[in-house]
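Values below: all heavy atoms of this structure, side chains included; hydrogens, waters and symmetry mates excluded.
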Amino acid sequence: MQLTSMVASINLGLQFPCSLSNNVVKLGFHSSSPSPNNKRRVSLMVNANSNRRLGGTINNGENNNINNKNYKVNGVRVAEAPLTLRKLKEDSAEEALVTCMHGRFQEGIFVYRQIFAIRSYEIGPDQTATMETILNFLQETALNHVANSGIGGIGFGATRQMSIRKLIWVVTRIQVQVQRYSSWGDIIEIDTWVDAHGKNGMRRDWVIRDHFTKEVIVKATSTWVMMNRETRKLCKIPEEVREELTPFYINRFAISNEDTDSEKIHKLTDQDAENIQTGLAVSFLYMIFISLPMKVLEDYYMTSMTLEFRRECTQSNMLESMATPTSKLIHGNNSINIKVNSNLQFTHLLRLLDDDQRPEVVRARTEWHFKNYANSI
């Protein structure tokens, strides 16, 4: 769902000992064409069992403290090291590596945690993570949760008993609440867990926090049912599968009942929709966005999204995207004018164009807050 060339090539070396028991991480950076009189060399060593401050050797061989605001390169002071680098000395290198690469269980076997860094290709024009990036992280954490639980079978998120019975999970509804979007370079941690949902469903929740401050920045909840991967029909959860899942259930809610979006999402019609666009089903999120006014995408950020999945869709399907505002919009001169400082809500519908009946694929509701540029300067 989802480079630039360099004049001088740079080699990055990462050395990890065969055993991480020493908690040592070494990073080496070497320029391929150093100046004869100025060796461009940077080295960094992290020892999790040491209380020494992180230090770097740059150009003149002086040992500079990472936290020193007078950190210099070639005699020129540079900005203070990023928070993520300064915070490394406070974390266990071994624990951080394992949690980032594979994830870890917390609270026994009930909560699964994984760490991610926000990379440059996962951000939008405002240099913050996009909603698509957030959804990708939620999916990755959920799949790794199952894969590392000891009950994983064949396929994405399937247990052994599900694989034997040719069953797969299908998400029917997901709600995401964003308190704040992470910026490029931020380190986040995601906790996920599961619980029963009714007689034949499962609920999966997520909480995303800033890894260092522990500030909660995103909450999400979803409901899942089972489908036979060959017949494409929904089915009950077999008792053998239920026995696999029950030990992992924990009665906890990321989004409180009061804040859960349980209101029905009404179906849009040709008469109701303000904007209609068509295109291939590249991604649901992209198709939802293309029917929004450009003014909304430029001047607002999404704070909440609820998706209801109505039927299956593949990337070869042609979709029609419909959207209409449900609050705080003014219309005039065949265009949509947005009230300054207002919060917006839209209802969306994606439907198939390949079928004469134009069946529904996804219903959605989104909420948007005005970007207060004055307060961000």
Grouping I, L, V, M, F, W and Y whenever their side-chain heavy atoms are under 4.5 Å apart, do [X] and [Y] come out in a common cluster?
X      : Y      : result
Ile134 : Leu297 : yes
Val225 : Val362 : no
Phe284 : Phe346 : yes
Ile265 : Val361 : no
Val171 : Leu245 : yes

Q.
Please evaluate residues Glu360 and Glu308 with respect to the criterion side-chain contact (heavy atoms from CB on, under 4.5 Å), reporting the C-alpha separation (whole Å), side-chain torsions for both, the decisive distance (0.1 Å), and the verdict.
A. CA-CA 10 Å; Glu360 298 176 74; Glu308 286 184 359; over 6 Å; no
Within the structure provided, determine whether [X] and [Y] are in side-chain contact (heavy-atom separation under 4.5 Å).
X      : Y      : value
Ile188 : His211 : no
Arg232 : Met227 : yes
Trp206 : Ile174 : yes
Leu319 : Cys313 : yes
Tyr181 : Met302 : yes
Lys371 : Asp299 : no
Asp261 : Arg173 : yes
Ser321 : Met287 : yes

May I ask you to check whether over 12 heavy atoms, not counting those of [X], lie within 6.0 Å of atom [atom1]?
X      : atom1 : answer
His369 : NE2   : yes
Asn257 : CG    : yes
Tyr286 : OH    : no
Ile154 : CD1   : no

No-hydrogen, no-angle side-chain donor-acceptor test under 3.5 Å, [X] and [Y]:
X      : Y      : answer
His266 : Thr347 : no
Gln177 : Asp259 : no
Thr221 : Gln175 : no
Thr130 : Glu132 : no
Thr314 : Asn317 : yes

Q. Are Phe105 and His145 close enough, and set up right, to give a ring-ring contact (aromatic ring centres under 6.0 Å, His included), and what steps lead you there?
A. CA-CA 8 Å; Phe105 279 92; His145 182 193; 5.6 Å; yes
Q: Dump the intermediate steps for ring-ring contact (aromatic ring centres under 6.0 Å, His included) on Phe309 and Trp169, then the final yes or no.
A: CA-CA 13 Å; Phe309 297 91; Trp169 286 113; over 10 Å; no
Q) Can we say Arg365 and Glu367 salt-bridge, meaning some charged N sits less than 4.0 Å from an Asp/Glu carboxylate O? A)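 Salt bridge: no.
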Q) Is any NZ, NE, NH1 or NH2 atom of the basic residue among Arg113 and Asp191 found under 4.0 Å from an Asp or Glu carboxylate oxygen of the other? A) yes
(Q) Go through it in stages, so that I can follow the logic: the residues are Glu239 and Arg242, the test is salt bridge (charged side-chain N to carboxylate O under 4.0 Å, His left out), and I'd like the CA-CA distance, side-chain angles, deciding distance and then a yes or no. (A) CA-CA 5 Å; Glu239 192 58 36; Arg242 198 183 305 276; 3.7 Å; yes
Gap between atom [atom2] of [Y] and atom [atom1] of [X] - 0.5 Å precision:
X      : Y      : atom1 : atom2 : value
Met305 : Leu135 : CE    : CG    : 4.5 Å
Ile164 : Gln161 : CD1   : CD    : 4.5 Å
Asp205 : Asp195 : CG    : CG    : 8.5 Å
Lys219 : Thr260 : NZ    : OG1   : 10.0 Å
Glu244 : Met162 : CD    : CE    : 8.5 Å
Thr324 : His348 : OG1   : NE2   : 9.5 Å

Looking at [X] and [Y], what are the two nearest heavy atoms and their distance?
X      : Y      : result
Val111 : Glu107 : CG2-OE2, 3.8 Å
Ser316 : Asp354 : O-OD2, 4.3 Å
Ile123 : Gln127 : CD1-CA, 3.6 Å

Q.
With side-chain contact (heavy atoms from CB on, under 4.5 Å) as the criterion, how do Phe253 and Arg203 come out once you've worked through the C-alpha distance, each side chain's angles and the decisive distance to 0.1 Å?
A. CA-CA 9 Å; Phe253 297 86; Arg203 192 188 79 246; 3.3 Å; yes
Flag, side chain of [X] to backbone of [Y], donor-acceptor distance under 3.5 Å:
X      : Y      : result
Trp193 : Arg252 : yes
Asp272 : Leu268 : no
Thr326 : Gln345 : yes

**Q.** Single hit among Lys214, Gln106, Gln114, Arg104 for side chain to side chain donor-acceptor pair (under 3.5 Å) with Glu189
**A.**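 Of Lys214, Gln106, Gln114, Arg104, side chain to side chain donor-acceptor pair (under 3.5 Å) with Glu189 is met by Lys214 alone.
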Q: With side-chain contact (heavy atoms from CB on, under 4.5 Å) as the test, would you mind laying out the steps for Cys235 and Leu167 before giving the verdict?
A: CA-CA 9 Å; Cys235 62; Leu167 300 176; 3.4 Å; yes
(Q) Walk me through whether Thr306 and Glu263 qualify under side-chain contact (heavy atoms from CB on, under 4.5 Å). (A) CA-CA 10 Å; Thr306 304; Glu263 183 181 349; over 6 Å; no
(Q) Here's a test for you: under side-chain contact (heavy atoms from CB on, under 4.5 Å), which of Thr128, Asp186, Ile187 qualifies with Ile118? (A) Asp186
Q: Evaluate the ring planes of Phe116 and Phe137, with Trp represented by its six-membered ring, and classify them as parallel (under 30°), tilted (30 to 60°) or perpendicular (over 60°).
A: parallel
